[in-house]
Amino acid sequence: MIRPSDDDHPREECGVFGIACHPDAASHTALGLHALQHRGQEAAGIVACDRGQFHSHRGQGQVGDNFGNEAVIRKLPGSLAIGHVRYATTGETALRNVQPLFGDFEFGPLALAHNGNLTNGLALRRQLVRRGCLFQSTTDTEVIIHLIAISLYSTVEDRVIDALRQVEGAYSLVVLTGDSVIGVRDPLGIRPLVLGRLPGGAWIVASESCALDIVGAEFVRDVEPGELVILNESGIRSVKPFVAQRQRFCIFEYVYFARPDSVVEGADVYEARKRIGRELAREAPVAADMVIPVPDSGVPAALGFAAEAGLPFELGIVRNHYVGRTFIEPTDSIRHLGVRLKHNANRSQLAGKRVVLVDDSIVRGTTSTKIVAMVRNAGAREVHMRVSSPPTTHSCYYGIDTPERSQLLAAAHDVAQMARLIGVDSLAFVSIDGLYRAVGEPGRDPARPRYCDACFTGDYPVALTDQGQGRENYALSFMTEGH
Ligand code: AMP
C-alpha cells in the first residue's frame, strides 16, 4: 500500500469552510482552506453555487496544488461556496472520496463536506444498499447524502435534519444548497465549528478561527452543539432540532489538532497549551539544564514547562519544514528515515547537557524513540521526556485517525515500561485532571466529564455501533446524562 511518508503518526482529521453572500466566495474558501491545511493534506475541494448552478473542483494534494491557480478559481463563480481539506479517516484514498460530495436531488443540487466520523456509518450503509442506494464512494459521509435523498420531508432543511437524526458520531458539516450555506454541529459538539462575519456582511462557517483571520473576518461565536446555522440573502437563522445533550468537545483539539493561533470553544489554543506545560512542570518536575520542544507541536507546552520550572528554553531539535509528503512505501526502514528527514539535533545546545524533551503525545512511540536516540547521539548527558497529554490508551472513532489499539504504546505498557522502550532517563505524562485544569475546569468529573477524552480514558460518549457496541450502551449514556 502506498501512503504518505511520515506515517508513523496518526493523521489529522479534516477541515471545512463555507461562505454565503460574497461575490468572491470561491477565492475566500480557498484562502480559508489554506489556513486549515494542518487539518488535512491529502485532498482539497471547493463547490461554488452561482444562481442555482453548481461548479466544483476537487483534487488530491494540498490546497495550493489545487487552488493556487487563478484560472481554477475563475471556473468557480458564485456567491455561495463550501470547501474541504481532507485526510482520510474512513474510505480509501481515491478521487471519488474527495469532498465536498454533491449530487442532484429531487429538490435540486446539494453539496456537503464533513469533518468528523460517523460511528454507525457502516450499519446505515448496509441498510441503504439493501434499499437500492448506489454508493459512489467509500466514505461514511455519503451515507448522509443518501439519507437526505430518500427523506420524505419536503424542504431541504428538514431533509438534512431527518438525515442527521439517523446518524451517530461526530460531525461538523457545511452544506451548500441552491440558495444557502448551512453549518451544522453534532449534538455533542465533538468537532469544532465557528461562525464569522466579513465587514461587508458575508457570513462564514469554518472549522477554526484561524480560517476567519486569513480572510479578515470577525469571529462571531462557536456554532453550538446540535445547532444548524442557515446563511443566505436573508442573513442568518439558527435551528436546534436535536434533543439537547451535554457538550463533549474533543479535548485533543487543544492538545494537538487545532492551530495554536485559533480560539475554539472559548479558549485560546496557544494559551491552553502553555498552561498544560505549566501543569506538567508542577506535576512532574525534573532537575535539568534546559527544556527542548519536539517541534512544532511540542513548542507551546515546552514554553509553559520552561517558564514554570524556571529553566532555559532552547531549540535543541530543528525541524525541516520542506520535507513534504512524498509518497513512499511505509516499510519500517523508510519510516525511521522519515523521522530523521524531518528532525535534526542541534548539537551545540545538547552536548553534555541534561535535557527535558516536551512533546504533545506518544502514540506508537516511533517519534519519541527516534528523537531520544538522536538527542543522545548529539551528546546529551540525561534525557527526560515530558508529554503534554495523558497516555493515549484508546483509538478515536470520532474523526481522529489513531492506529488501532494494539499499536498504541500506552495500551499495553505502563509508564516505566514505556520509558525503557523509548530510552529515556525519566518519562511523565500530564494527568487527566491536570489537562482539564489547563482548559479551565477544576479537574475531570468522572460522572459528567466536560470533554470527549475517550483516547485517554476509554469513555466513549457516542455508541460505537460499527464496532459491535450497540444501542444498549447508547441508551445508558442517555440515562447517565439525564435524558
Ligand atoms: P508516534 O510517533 O506514533 O508516537 O506519534 C506521536 C507524534 O505524532 C507526536 O510527535 C505528535 O505530535 C504527533 N501526533 C499525535 N497525534 C497525531 C495525529 N492525530 N496526527 C498526526 N500526528 C500526530
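Sequence positions, counted from 1, serve as the residue numbers for this chain. Note that ligands are numbered from 1 as they come in the structure, with each ligand's atoms numbered from 1 the same way. All heavy atoms count here, side chains included; hydrogens, waters and symmetry mates do not.
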For [X], counting its heavy atoms only, list the atoms of ligand 1 lying under 4.0 Å from any of them.
X	value
Ile362	4 (O)
Phe252	16 (N)
Val363	1 (P), 3 (O), 4 (O), 5 (O), 6 (C), 15 (C)
Thr366	1 (P), 2 (O), 4 (O)
Ser297	12 (O)

Is [X] salt-bridged to [Y], going by a charged N under 4.0 Å from an acidic O?
X	Y	result
Glu283	Arg437	yes
Asp459	Arg444	yes
Glu314	Lys353	no
Glu208	Arg39	yes

Donor-acceptor contact below 3.5 Å, side chain Ser395 vs main chain Pro403: yes

Arg319/Asp296 under salt bridge (charged side-chain N to carboxylate O under 4.0 Å, His left out): CA gap, chis, key distance, verdict: CA-CA 8 Å; Arg319 177 172 164 185; Asp296 293 322; 3.2 Å; yes

Could you tell me whether some N/O pair between [X] and ligand 1 is separated by less than 3.5 angstrom?
X	result
Arg364	yes
Ser368	no
Gly365	yes

Aromatic plane relationship, His57 with Phe67 - under 30° parallel, 30 to 60° tilted, over 60° perpendicular: perpendicular

Shortest non-hydrogen contact from Ala170 toward Tyr398: CB-O, 3.4 Å

Under-4.0 Å heavy-atom contact with ligand 1, by part of Thr367 that carries it: both

Per-residue contact class, Ile400 against ligand 1 - non-hydrogen pairs under 4.0 Å: side chain

Close approach, Val294 and ligand 1, non-hydrogen under 4.0 angstrom: no

